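One structure is given below, encoded as C-alpha cells.
Values below: all heavy atoms of this structure, side chains included; hydrogens, waters and symmetry mates excluded. Values in this document were obtained by computation on a predicted structure and should not be read as measured data.
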Amino acid sequence: MPIRYDITHTTVYRYREPVGFGEHRVMFRPRDSHDLRVLATDLEVSPEAQVRMIQDPHSNSVALVQPRGVADTLKIVCSFTIEHAPRDHLQLPLEPSAEYFPFAYSVEDRFDLEQYLRPHHDDPKGVLTAWARQFIRTDGPTGTRDVLMQMNQHIRSTLAYLSRDEEGTQTPLQTLALQSGSCRDFALLMMEAARRLGVATRFVSGYLYDPSLDDEGAASGDAVTGAGATHAWLQAYLPGAGWVPFDPTNNLYGDHQLIRVGVARDPSHAAPISGSWFGPAGAYLGMTAEVRVRRRAGFG
C-alpha cells in the first residue's frame with residue numbers, strides 16, 4: 001500500500017548587511033515515477049523572486065530562482081506531498097547473465113550507461129580498485145547483488161560518519177585515507193568503486209524518512225543517520241532489476257525510507273541549492289537547512 005509523506009525543506013542564508021542575489025538553482029521536487037507520485041508542491045522565497053521551472057539533462061526538475069532587490073536574509077521554503085510505493089528490490093530477479101560477477105551489459109545498455117560506467121576520479125596507484133576487489137569471493141562464484149550489499153555494509157560499519165555543511169565532496173581516495181565522511185562522500189566512494197568493477201552507478205540526492213523523528217512513527221523503527229537534512233545515496237543499474245538504491249551511510253538496500261529528488265553522474269550536478277550573491281566582502285554569515293519528513297496517518 002502506498003505511503004503518503006508531507007515534506008518541508010527550509011534553507012536560510014544570512015548576511016551581515018543587505019546584499020544582492022544572482023540566480024539560484026533549486027532542486028527540490030521529487031522525481032515522479034511508477035513508485036513515486038507528487039501530489040502537491042509549493043515554493044516560497046523571501047525576498048520576492050521570479051521563478052522558472054525547467055528540466056536539466058538528467059530530467060531532474062529544477063527551479064531557477066531570481067530574488068528581486070536586496071536583503072540581509074534569503075529564505076527558500078520548499079514543501080510538497082508525495083505518495084510513495086516502495087519496492088522490495090531483493091525480490092526483483094536479475095537477468096540470468098547478470099546474476100554473478102563479473103557480468104557484461106548489452107551493447108544497447110552500454111550506449112545509454114556510458115557516463116555512469118566511466119570513473120570520474122583518478123586512482124593512480126590502484127588503491128580504490130584494490131579496495132573494491134576485496135568484496136569479490138575467491139572461493140567460488142560471487143553474486144552480483146552480494147558484492148554491492150557487502151560494500152554497502154562495509155562502508156557503514158568501518159567508516160565514521162561526519163556531517164559537513166560546506167559545499168563539495170571528498171574524493172574517494174580522501175574518504176579512504178580519512179576513514180570518515182558525509183553521506184555524499186560515502187555515496188561517491190561506493191559509486192567509483194563499483195564503476196571500477198564494471199557496474200554502472202549514479203548519484204542520488206533527496207530525503208530520508210526517519211520514523212524516530214516522526215510523531216506518527218516515533219514508536220517504531222530505529223534512528224537513521226542523515227535525517228533532518230538533505231541526504232545522498234546511489235543507484236546501481238542491474239539488468240533485470242533496473243536502478244537499485246544503496247545507502248552506504250545507513251546500510252539501507254532499497255527505497256523504503258529514501259525519497260529521491262535528483263540523479264546525476266557526479267555529486268556536483270545534484271546540489272539541492274546553488275547560487276550567487278554580491279555585496280561587501282565578509283558579509284556572508286552562514287546558512288542553515290532543515291528538512292522535515294512526516295508520514296501521514298492512515299496511509300501505508
Side-chain angles (χ1 to χ4, degrees), residues 5-31 38 40-56 58 60-82 161-170 181-185 187-188 203-210 213 225-233 249 259-264 266-294:
Y5 294 106
D6 293 315
I7 304 172
T8 304
H9 178 188
T10 303
T11 306
V12 181
Y13 297 90
R14 292 186 171 84
Y15 304 85
R16 197 177 306 278
E17 57 188 281
V19 300
F21 302 99
E23 185 176 79
H24 284 59
R25 293 175 62 89
V26 181
M27 190 181 297
F28 75 98
R29 191 183 194 278
R31 290 174 64 95
V38 179
T41 66
D42 188 38
L43 176 61
E44 299 179 4
V45 183
S46 177
E48 183 183 356
Q50 179 185 13
V51 178
R52 293 183 292 124
M53 296 297 300
I54 66 167
Q55 282 190 314
D56 70 5
H58 301 280
N60 301 311
S61 291
V62 178
L64 301 180
V65 177
Q66 178 57 67
R68 294 169 176 158
V70 298
D72 60 6
T73 301
L74 174 61
K75 184 176 183 179
I76 301 174
V77 181
C78 311
S79 57
F80 43 92
T81 300
I82 66 166
Y161 173 81
L162 296 175
S163 178
R164 195 174 68 252
D165 292 331
E166 60 267 22
E167 295 181 3
T169 308
Q170 294 173 179
S182 66
C183 58
R184 59 187 184 274
D185 302 324
L188 180 60
F203 183 83
V204 187
S205 66
Y207 306 114
L208 176 64
Y209 173 64
D210 184 351
L213 298 179
T225 300
T230 54
H231 192 54
W233 60 97
T249 300
I259 301 166
R260 64 187 177 276
V261 170
V263 301
D266 188 77
S268 61
H269 300 140
I273 299 179
S274 60
S276 60
W277 63 274
F278 48 92
Y284 180 65
L285 295 177
M287 179 268 286
T288 59
E290 179 186 14
V291 173
R292 293 173 59 88
V293 182
R294 296 291 180 263

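Scored by the side chain to side chain donor-acceptor pair (under 3.5 Å) test, T11 finds H9 as partners (sequence neighbours excluded). Considering only residues two or more places apart in sequence or on other chains, S274 meets the side chain to side chain donor-acceptor pair (under 3.5 Å) condition with none of them. Considering only residues two or more places apart in sequence or on other chains, Y15 meets the ring-ring contact (aromatic ring centres under 6.0 Å, His included) condition with F21, W277, Y284. Under the side chain to side chain donor-acceptor pair (under 3.5 Å) criterion, S182 pairs with D185, not counting sequence neighbours. When the side chain to side chain donor-acceptor pair (under 3.5 Å) test is applied to E23, the partners found at least two apart in sequence or on another chain are R52.
Residue T8 forms a side chain to side chain contact (heavy atoms under 4.5 Å, CB included) with just one option from D42, V291, V77, V293, and that option is V77.
G279 approaches V19 most closely through the heavy-atom pair CA-CG1, 4.3 Å. Listed here is the closest heavy atom pair of A49 and P67: CB-CA, 3.6 Å. Residues Q170 and G181 approach most closely at NE2-CA, 4.0 Å, considering heavy atoms. Here the shortest heavy-atom pairing between F80 and P30 reads CE1-CG, 3.3 Å.
Of the possible polar contacts, one joining the R184 side chain to the G168 backbone as a donor-acceptor pair under 3.5 Å is found.
Here the CZ atom belonging to F28 is positioned 11.5 Å from the CD1 atom belonging to I7, to the nearest 0.5 angstrom. With rounding to the nearest 0.5 Å, the separation of CZ in R292 from CG in D210 is 12.5 Å. Atom OH of Y209 and atom CD1 of I259 lie 9.5 Å apart (nearest 0.5 Å). Rounding to the nearest 0.5 angstrom, the gap separating the OH atom in Y13 from the CG atom in L74 is 7.0 Å. We find the NE2-OG distance between H24 and S276 to be 6.5 Å, quoted to the nearest 0.5 Å.
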Subject >> CA sep, side-chain torsions, deciding dist, call: L43, V65, side chain to side chain contact (heavy atoms under 4.5 Å, CB included) >> reply: CA-CA 10 Å; L43 176 61; V65 177; 4.2 Å; yes

**OP:** Carefully, step by step, assess H269 and F203 under the rule side chain to side chain contact (heavy atoms under 4.5 Å, CB included).
**Re:** CA-CA 9 Å; H269 300 140; F203 183 83; over 6 Å; no

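Put simply, the side chain of R25 reaches to within 4.5 Å of the side chain of L64, judged on heavy atoms. Within the 4.5 Å cutoff, side-chain heavy atoms of T230 are placed close to those of Y207.
Contacts classified as side chain to side chain donor-acceptor pair (under 3.5 Å) and involving residues 60-77 (residues at least two apart or in different chains) are given here: R31-N60, E48-R68, D56-N60.
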